[in-house]
There are 2 protein chains.
Amino acid sequence: MLTQTGEYALRAMVYMARKPGEGFCGVKEIAASTGVPANYLAKILQQLARSKVLDSQKGFGGGFRLNRPREEITLFDVIDPLERVEKFDQCVLGQRLCNDQVACPLHDTWKAIKGQYLGSLHSTTLQDIADFRSKAEVLEHKSTSPALSKR
Amino acid sequence: MLTQTGEYALRAMVYMARKPGEGFCGVKEIAASTGVPANYLAKILQQLARSKVLDSQKGFGGGFRLNRPREEITLFDVIDPLERVEKFDQCVLGQRLCNDQVACPLHDTWKAIKGQYLGSLHSTTLQDIADFRSKAEVLEHKSTSPALSKR
DNA sequence: AGCGAAACGGACCTAGTTATCCTATTGTCG
DNA sequence: CGACAATAGGATAACTAGGTCCGTTTCGCT
């Protein structure tokens, strides 16, 4: 479903999206909080920076931060630069020619499955994830919730 | 979305499901028709035989065949024995404890995405795929279609 | 200007997946 | 029974993804 790399990227992005404030956060901090190997995470974040999802800053006090507001970054934006998405366009049965007109037996079925998946990735933003509150939290703050007025 | 191995398995199974007759088909035949490396395909089919999706027969005239009627084999049955499905149960964010009660921020979202995918795999049978007719075929046989009376 | 903290980039190592090859083993046919 | 055709299964090679290491560059701070 997700490669290890894609999963790591998601962990880091969710971490950053949920962290209050606008400052840069360092690789070490993110790695420690998400359990991702620091050196490898650095590579991943560099790729995300290259694809303009993240913004990076060298030197003291530097690190990474979201390059756009949370609600404008989808799960697709995070995963797309890291996984072999070109395979998505290729026919599962290996036919050279396979499209809506000339289709392999699996085409319609697989197109639907693929569509659902990509649709979900495209329609879910980091905002949606960041807004999440566990049931425990919801119960705890049910009556006197200041956090919900954020919006 | 699918590993190479899973894709190859699907190709072979669709081929067998669409092939008329009940006899065994050899690895070489399937490999030639689906473009899958023959030796590797043999390994895959052996695994599918071990997981009771296929039936195998050694010796002259031997090969593989579906172990159950087409309509009782789902895409999930084909892919499940070959891919690391245990990962599906693990929290994407890496939390040791993550379930409906105590959940990570991604839990609900990812559960939905996963559910759609697995649901599709479970609800699509080889019969559904085998029944497929391309638009060209549909047009060709539109008026005098004997094939549709199969059911 | 000099120091240290960070990302950047390249080289390299490791492990898992994909693919090949070779030797059994088991079946059919003459 | 012997020849042959097929799967079964083990060993191994090739490739790719995952992961580490180290020197370089860029920045903030004093």
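This one's a predicted model, so the numbers in the text were calculated from it and none came from an experiment. Below, read A as the first sequence line, B as the second, and so on, with proteins coming before strands; counting in each chain starts at 1.
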Given side chains that start at C-beta, do those of [X] and [Y] come closer than 4.5 Å, heavy atoms only?
X         : Y         : value
Leu126(A) : Met13(A)  : yes
Lys111(A) : Leu106(A) : no
Lys87(A)  : Gln4(B)   : yes
Gln57(A)  : Phe64(A)  : no

Using whole Å, what does the distance between atom [atom2] of nucleotide [N] and atom [atom1] of [X] come to?
X        : N       : atom1 : atom2 : result
Asp55(B) : dA8(D)  : CG    : C1'   : 15 Å
Asn67(B) : dT7(D)  : CG    : C1'   : 15 Å
Leu41(B) : dA6(D)  : CG    : P     : 15 Å
Phe64(B) : dG27(C) : CZ    : P     : 14 Å

Does the side chain of [X] get closer than 4.0 angstrom to OP1 or OP2 of [N] through an N or O atom?
X        : N       : value
Ser56(A) : dA6(C)  : no
Arg84(A) : dA17(D) : yes
Thr5(A)  : dA17(D) : no

Donor-acceptor check, side chain of [X] to backbone of [Y], threshold 3.5 angstrom: yes or no?
X         : Y         : result
Arg11(B)  : Val92(A)  : yes
Asp131(A) : Asp128(A) : no
Tyr117(A) : Gln116(B) : no
Ser51(B)  : Val53(B)  : no
Arg65(A)  : Asp55(A)  : no
Lys52(A)  : Asn67(A)  : no

Check DNA chain D against residues 44-52 of chain A and give the residues with a non-hydrogen atom under 4.0 Å, in numerical order. none

Within residues 7-32 of chain B: residues closer than 4.0 Å to DNA chain C (heavy atoms): Tyr8(B)

Looking at Arg68(B) and Asp77(B), is there a salt bridge between them, counting it only when a charged N and a carboxylate O are closer than 4.0 Å?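 Judged by the 4.0 Å cut-off on N to carboxylate O distance, Asp77(B) and Arg68(B) do form a salt bridge.
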
Tell me, for nucleotides 20-30 of chain D in 5' to 3' order, what letter each nucleotide earns: B for a base near a protein heavy atom under 4.0 Å, S for only sugar-phosphate near one, - for neither? BB---BBBS--

